[in-house]
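Since the model is a prediction, treat every value here as computed from it, not as a measurement.
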Amino acid sequence: MSEQFYSDARLYDRLFPGGEQAVDFYRTEADRQGGSVLELGSGTGHKLIPIASDGHPCMGLELSPDMLAEAQRKADERGVEVQWVQGDMREFDLGRTFDLVFIAANSLLHVHETEDLVDCFRSVRKHLAPGARLIFDVFNPSVRMLAQADGVRRRRDALSFVDPDRGVVHVDVAETYDAAAQVTRGRWYFSTDSEVDFSVTPLEIRSIFPQELPLLLSLGGLRVDERFGDWSRAQFTADATLQLYVCAPDWTR
């Protein structure tokens, strides 16, 4: 239900242009691990291209062909070599291992079913070289915010951006929360003053609560080495907006 949201890669990049703290964090972790890097849900290469520019052999796995095409264009523009592969993070076999695997920017939350999340972690484990790590970030669900997902369309001024062809683009979002599935189901409306709702796209994102993740990782053959609440590596607390995990294979399983 979210494929359409990622069918316009340049629109996506204008909608989410920042994230430099996350880029810096993952670049540092790639340097710390050394060697090869795999990103799952690599999008338009916002994080992986800088890592590749630091000299790491990199591969990006991405489901959306439009996002892959834009990632290739951006890598070519910067003169950076990255191997881009179309695939599904729920289950994959790339025939090799990596020194770092990472899943950034809530990409893991596009996997909604518990069985698929476990399959994803099992696939990751098979691709981890000795001493390798899996690192990923997802938001820390806020019960208050989930309760406010009432289906009402509201303007999100903080998401407004400038399109070189259309001018200022405004973003409205209407969301409901399916508590049984732990999935927020939204519709995103993109408009300009002269072109109302030129794009309307669904976006569905799962919430994974802090007590769930260690169990899911364990079922996937991984253990939690560290958990942080922000990009400065501060301790995870109840009011943290971010869940940032550093994991390794659990060879006892």
Exercise for review: Under the salt bridge (Lys or Arg N to Asp or Glu O under 4.0 Å) rule, what do Glu175 and Arg185 come out as? Steps first, then yes or no, please.
Suggested key: CA-CA 6 Å; Glu175 293 179 324; Arg185 309 188 192 281; over 6 Å; no

Practice item. First locate atom CG of Leu219, then atom CG of Leu117, and finally report the distance between them rounded to the nearest 0.5 Å. Key: 10.5 Å

**Study point:** Lys126/Asp93 ion pair, N-O < 4.0 Å
**Key:** no

Review point. Does CD in Glu113 sit with more than 12 non-hydrogen atoms of other residues, nucleotides or ligands closer than 6.0 Å?
Key: no

Practice item. Check each of Arg32, Arg27, Gln33 against Glu29 using the side-chain hydrogen bond (donor to acceptor under 3.5 Å, both in side chains) test, and report the only one that passes. Key: Arg32

Review point. Do Glu62 and Trp84 come close enough that some side-chain heavy atom pair is under 4.5 Å?
Key: no

Exercise for review: Test Phe92 against His127 for ring pair (Phe, Tyr, Trp, His ring centres under 6.0 Å), laying out the working first.
Suggested key: CA-CA 9 Å; Phe92 58 95; His127 289 77; 4.7 Å; yes

Exercise for review: May I ask you to decide if Pro249's main-chain N or O and Arg223's side chain share a donor-acceptor pair within less than 3.5 Å?
Suggested key: yes

Study note, to complete from the structure: Rounding to 0.5 Å, atoms CZ (Phe228) and CZ (Phe236) come to a distance of 12.5 Å

Review point. Is there a donor-acceptor contact under 3.5 Å from the side chain of Asp163 to the main chain of Gly167?
Key: no

Check your understanding: Side chains of His110 and Tyr6: closer than 4.5 Å at any heavy-atom pair?
Key -> yes

Exercise for review: May I ask you to establish whether Arg125 and Phe121 are in a cation-pi arrangement, using a distance under 6.0 Å from NZ or CZ to the six-membered ring centre and at most 45° from the ring axis?
Suggested key: no

Point to revise | Any donor-acceptor N/O pair, Asp178 side chain to Ala181 backbone, under 3.5 Å | key: yes

**Study point:** Ser207 OG to Phe139 CZ distance, which is reported to the nearest 0.5 Å
**Key:** 3.5 Å

Check your understanding: Between Tyr12 and His46, do the side chains contain an N or O donor and an N or O acceptor separated by less than 3.5 Å?
Key -> no

Review point. Linking I/L/V/M/F/W/Y whenever any side-chain heavy atoms sit under 4.5 Å apart, do Val246 and Leu222 land together?
Key: no

Study note, to complete from the structure: Rounded to the nearest 0.5 Å, the CG atom of Leu61 sits from the CD1 atom of Ile103 at a distance of 10.0 Å

**Study point:** Short side-chain donor-acceptor distance under 3.5 Å, Asn140 and Thr241
**Key:** no

Review point. Run the ring pair (Phe, Tyr, Trp, His ring centres under 6.0 Å) check on Tyr245 and Phe136 step by step: do they pass?
Key: CA-CA 6 Å; Tyr245 277 78; Phe136 64 90; 5.2 Å; yes

Point to revise | Side-chain heavy atoms of Val171 within contact of Ser160, under 4.5 Å | key: no

Point to revise | Test: Arg206 and Glu212 ion pair at under 4.0 Å | key: yes

Exercise for review: Dump the intermediate steps for salt bridge (Lys or Arg N to Asp or Glu O under 4.0 Å) on Arg153 and Asp172, then the final yes or no.
Suggested key: CA-CA 6 Å; Arg153 175 174 171 170; Asp172 296 350; 2.9 Å; yes

Point to revise | Pair Arg73 + Glu70: basic N to acidic O under 4.0 Å | key: yes

Exercise for review: Could you tell me the separation between the CG atom of Leu128 and the CG atom of Leu38, rounded to the nearest 0.5 Å?
Suggested key: 9.0 Å

Point to revise | Rounded distance [0.5 Å steps], CG in Asp230 versus CD in Gln21 | key: 8.0 Å

Check your understanding: Is there a path from Met145 to Ile205 through hydrophobic residues (I, L, V, M, F, W, Y) whose side chains come within less than 4.5 Å of each other?
Key -> no

Review point. Can you tell me if Ser64 and Asp66 form a side-chain donor-acceptor pair at under 3.5 Å?
Key: no

Practice item. Would you mind reporting whether Ser199 and Thr201 have side-chain heavy atoms less than 4.5 Å apart? Key: yes

Check your understanding: Between Arg10 and Asp8, is the closest basic N to carboxylate O distance under 4.0 Å?
Key -> no

Check your understanding: Quick one: does Thr192's side chain have a donor or acceptor within less than 3.5 Å of a partner on Glu195's backbone?
Key -> yes

Exercise for review: Check whether the side chains of Asp31 and Tyr26 place a donor and an acceptor atom closer than 3.5 Å, and report yes or no.
Suggested key: no

Exercise for review: Check the surroundings of atom CD in Gln86: do more than 12 heavy atoms from other residues, nucleotides or ligands lie under 6.0 Å from it?
Suggested key: yes

Review point. Just checking, any donor-acceptor pair under 3.5 angstrom between side chains of Asp99 and His56?
Key: no

**Study point:** is_close_aromatic(His170, Phe161), centroid dist under 6.0 Å
**Key:** no

Check your understanding: What's the verdict on salt bridge (Lys or Arg N to Asp or Glu O under 4.0 Å) for Asp76 and Lys74, showing C-alpha distance, side-chain angles and the deciding distance?
Key -> CA-CA 5 Å; Asp76 290 344; Lys74 289 163 65 175; over 6 Å; no

